[in-house]
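Here's the structure we're looking at; comments come further down.
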Amino acid sequence: MPQTKKQEIVYTVMMVCVMVYGMVCYNIALDVDGMQNFIFAAALSELPIMGVIGFLLDTFLVGPTAMRIATGWFTPGKDKQVFLVAAISCLSAWMMCPLMSFFATLFFKDSHNANFSPCGCRPQR
């Protein structure tokens, strides 16, 4: 785990870049019905926008929230550090994936026709 603020920023940038790139590749592959070579280059075009969004979400919302919840479950210094790290990681993924999918839909999909209802049903017109 990062010890200083500078280490925390560098760690966050590295994690956001890797995770955002992977998720963008995955989402493009879903759109084109399978993994193809062009996806790796196409994902680079979305990385700057989604990377900034991911960094801001992780730094100001998800990271502090995950830390607060995890330290409520496990006491740093008393419990094993692996449990605290695993809890923070799981909570971060649990919160970041839906948030990043939401912003990707807003920015890169036909968002005026997007279906944001949790059950997947559209209202009748």
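In this chain, residues are counted from 1 in sequence order.
Side-chain heavy atoms closer than 4.5 Å link hydrophobic residues (I, L, V, M, F, W, Y) into clusters, and following such links, possibly through other members, connects Val16 to Ile88. Residues Phe83 and Trp94 share a hydrophobic cluster, clusters being chains of Ile/Leu/Val/Met/Phe/Trp/Tyr side chains in contact below 4.5 Å. Residues Phe102 and Ile53 fall within the same hydrophobic cluster, defined by Ile, Leu, Val, Met, Phe, Trp and Tyr side chains chained together at heavy-atom separations under 4.5 Å. Hydrophobic clustering places Met67 together with Phe74 (ILVMFWY residues linked when any side-chain heavy atoms are closer than 4.5 Å, directly or through intermediates). Cluster annotation: Val24 is connected to Val32 through the hydrophobic network of ILVMFWY side chains, with a link wherever side-chain heavy atoms come within less than 4.5 Å.
Listed by chain and number, the residues in a side chain to side chain contact (heavy atoms under 4.5 Å, CB included) with Met15 are Tyr11, Met19 (sequence neighbours excluded).
For the atom pair CD1 of Ile49 and CZ of Phe103, the computed distance is 13.0 Å after rounding to the nearest 0.5 Å. Distance OG/Ser92 to CG/Leu57: 11.5 Å, rounded to 0.5 Å. Considering CG of Asp31 and CD1 of Ile39, their distance stands at 9.0 Å, rounded to 0.5 Å. Atom CZ of residue Phe60 and atom OG1 of residue Thr65 lie 12.5 Å apart, to the nearest 0.5 angstrom. For the atom pair CD1 (Ile9) and OG1 (Thr4), the distance works out to 8.5 Å, reported to the nearest 0.5 Å. Here the straight-line distance linking atom CD of Glu46 with atom CZ of Phe107 works out to 11.5 Å at 0.5 Å rounding.
Looking at Val10 and Val13, their side chains never come closer than 4.5 Å, going by heavy atoms from C-beta outward. Asn27 is listed as a side-chain neighbour of Leu30, based on a closest heavy-atom distance under 4.5 Å. A 4.5 Å side-chain heavy-atom check between Trp73 and Leu84 finds every atom pair outside the cut-off.
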Worksheet item: Is there a side chain to side chain contact (heavy atoms under 4.5 Å, CB included) between Leu47 and Leu44 once you walk through the steps?
Response: CA-CA 5 Å; Leu47 186 61; Leu44 291 175; 4.3 Å; yes
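Among all heavy-atom pairs drawn from Ala42 and Ser45, the shortest one is O-OG, 2.7 Å. Taking every heavy atom of both residues into account, Cys25 and Met35 meet most closely at CB-CE, 4.3 Å. When all heavy atoms of Met100 and Val20 are compared, the pair lying nearest together is CE-CG2, 3.8 Å.
With hydrogens and angles ignored, the 3.5 Å screen pairs a side-chain donor or acceptor of Thr71 with a backbone N or O of Arg68.
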